[in-house]
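Here's the structure, in structure tokens; my notes come after.
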Protein chains: 2
Amino acid sequence: MATKVFIVDDHYMVVEGIRSLLQNEKGIEWTGHAMNAASCLAFLQRQQPDIILMDINLPDKSGIDLCKEVKEKYPSVFIIGLSTFNQQSFIQKMMDSGASGYVLKNATQEELMEAISVVIKGKIYFSDEASQVLTKTDANPILLTRREKEVLELIAEGLTNNEIAQKLFVSPTTIDTHRKNLLAKFGVRNTASLIRDATKLQFI
Amino acid sequence: MATKVFIVDDHYMVVEGIRSLLQNEKGIEWTGHAMNAASCLAFLQRQQPDIILMDINLPDKSGIDLCKEVKEKYPSVFIIGLSTFNQQSFIQKMMDSGASGYVLKNATQEELMEAISVVIKGKIYFSDEASQVLTKTDANPILLTRREKEVLELIAEGLTNNEIAQKLFVSPTTIDTHRKNLLAKFGVRNTASLIRDATKLQFI
DNA sequence: CGGTATATCCTGTTTTTAAGGGATTGCAGC
DNA sequence: GCTGCAATCCCTTAAAAACAGGATATACCG
């Protein structure tokens, strides 16, 4: 029985590319595609594919949220993340949300086919590059606590320590301490490079 | 005579997608693809296509730089920018570097064909969404001077006013003024949100 | 020529951060 | 019960940035 594959990606060219890569493969049945999260969920109400190839960047909802929602409603559907970004946090979040694998958009046909055949068996698949990224960043992870993330975002919003303190109902000196720890964890000297690095590493 | 089209994009799936979209079109001749700037330039030494579809994000060089270089060496080749990002500055920079058009990766086959046929005549083509973005941001452009950009980047690097002043051989008070103007132009209150907004708007 | 933009520099004051030092509570895992 | 971590709070000093309100020179452009 052929493996039913469905694609969610807002880039028409990528959808076409995948379709073209899979169309001559025996054992693969192309069940359709969606350009956003909403039409993906609508499709799933009617029928469930075996595998969904899902982009992380969608217009109406992040692929991470969609992944979570799909896995809750249809646990038997396997999801493979799909993205140009090879950022640690994205890959990790996708897997945390229930994805069974992760493939970068510069993957070859062989990689894609291997990913599908591995995942359909219930196993986990990482593309070479994705797993490289994971092991690389595992060596040097910046782990922030809940509170630190919260403070970081408010700093980026432009709030001062006093304003953040008011908003979180704590003392300004507490915010100061969190700030101190953020600078230390990122290994930077001031707010400017903190925000820059945090943005590049997708914390904001 | 068929229009010779060449693709530069590091994402195999996108290359496949475009190939699939163009393969049945009469009047289009697929001359090949490159996954990075270096192999694109190597290809051009041997033969020149009529049109290059060029991604903005390449592994070894930005599409903007590659565009400039290609136009200098081979002015007769028309370039169409290709990107998922619909950021004002990217589109603008691509056009400034000599591109003749801009198409988003979620373009349909019709849009792509129209872009090629318009550009081959020496005219300029914008996809609907891209031009929407341009006109939108034209209403609210943040125009920085050379010096302001320079200062902005050094602020993001984490340098203090004094350090920036030393580096640029000017007085610290001058840097202070530039900083004041940057805050005003971005409409923000402090460095944190300045860096955040500047990053999101691709100034950094 | 006059207007505009850019870049430079100044003197202040006030607010905010950075960087050093500590300290206490509560909770989870061993 | 101890350990480690997260989160909270406090103090001090010095540096940096923000805010206010200027001035000057240069260059480009209609």
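Letters A, B, ... are given to chains in the order of the sequence lines, protein chains preceding strands, and every chain is numbered from 1.
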message: Counting primed atoms plus P, OP1 and OP2 as sugar-phosphate and everything else as base, spell out the protein contacts along nucleotides 8-17 of chain D at 4.0 Å heavy-atom distance: B, S or - for each nucleotide, 5' to 3'.
response: BBB-----SS
query: Is a side-chain N or O of B:Lys167 found less than 3.5 angstrom from the main chain of B:Asn162, in a donor-acceptor match?
result: no
query: Just how large is the angle between the end axes of the helix from C:dC1-D:dG30 to C:dC30-D:dG1, five pairs per end, to 10 degrees?
result: 60°
query: Is there a side-chain contact between A:Glu29 and A:Val5 (heavy atoms, below 4.5 Å)?
result: no
- request: Count the heavy atoms belonging to other residues, nucleotides or ligands that lie under 6.0 Å from CD of B:Glu163, then report whether that count exceeds 12.
  value: yes
- request: Indicate yes or no for a side-chain donor-acceptor contact from B:Asp55 to the backbone of B:Leu58 under 3.5 Å, with no hydrogens or angles considered.
  value: no
- request: Taking the six-membered ring for Trp and the full ring for Phe, Tyr or His, determine whether the centres of A:Tyr102 and A:Tyr125 are under 6.0 Å apart.
  value: no
query: Would a distance-only check, ignoring hydrogens and angles, find a side-chain to backbone donor-acceptor pair under 3.5 Å from A:Glu114 to A:Glu110?
result: no
task: Check ring-ring contact (aromatic ring centres under 6.0 Å, His included) between A:Tyr12 and all other residues, then give those that pass, not counting sequence neighbours.
output: none
query: Going 5' to 3' on DNA chain C, which nucleotide is the first and which the last to come under 4.0 Å of a heavy atom in chain A?
result: C:dT16 to C:dG21
- request: May I ask you to decide whether B:Lys105 forms a salt bridge with A:Asp10, counting only side-chain N to carboxylate O separations under 4.0 Å?
  value: no
So which protein nitrogen or oxygen atoms get under 3.5 Å of nucleotides 26-30 of chain D's nitrogens or oxygens?
none

Whole angstrom value for the distance that separates P of D:dA6 from NZ of A:Lys149: 12 Å
query: Do the side chain of A:Thr199 and the main chain of A:Ile195 share a donor and acceptor less than 3.5 angstrom apart?
result: yes
query: Side chain of A:Asn190, backbone of A:Ser193: donor and acceptor closer than 3.5 Å?
result: yes
- prompt: A:Met95 pairs by side-chain contact (heavy atoms from CB on, under 4.5 Å) with which of A:Ile79, A:Ile124, A:Ile64?
  reply: A:Ile124
Cut-off 3.5 Å, no hydrogens considered: what does the side-chain donor-acceptor table look like for residues 148-157 of chain B, sequence neighbours left out?
| unit_1 | atom_1 | unit_2 | atom_2 | d |
| --- | --- | --- | --- | --- |
| B:Glu148 | OE1 | B:Thr145 | N | 3.0 |
| B:Glu148 | OE1 | B:Thr145 | OG1 | 3.4 |
| B:Glu148 | OE1 | B:Lys185 | NZ | 2.8 |
| B:Glu150 | OE1 | B:Arg147 | NH1 | 3.3 |
| B:Glu150 | OE2 | B:Arg147 | NH1 | 3.4 |

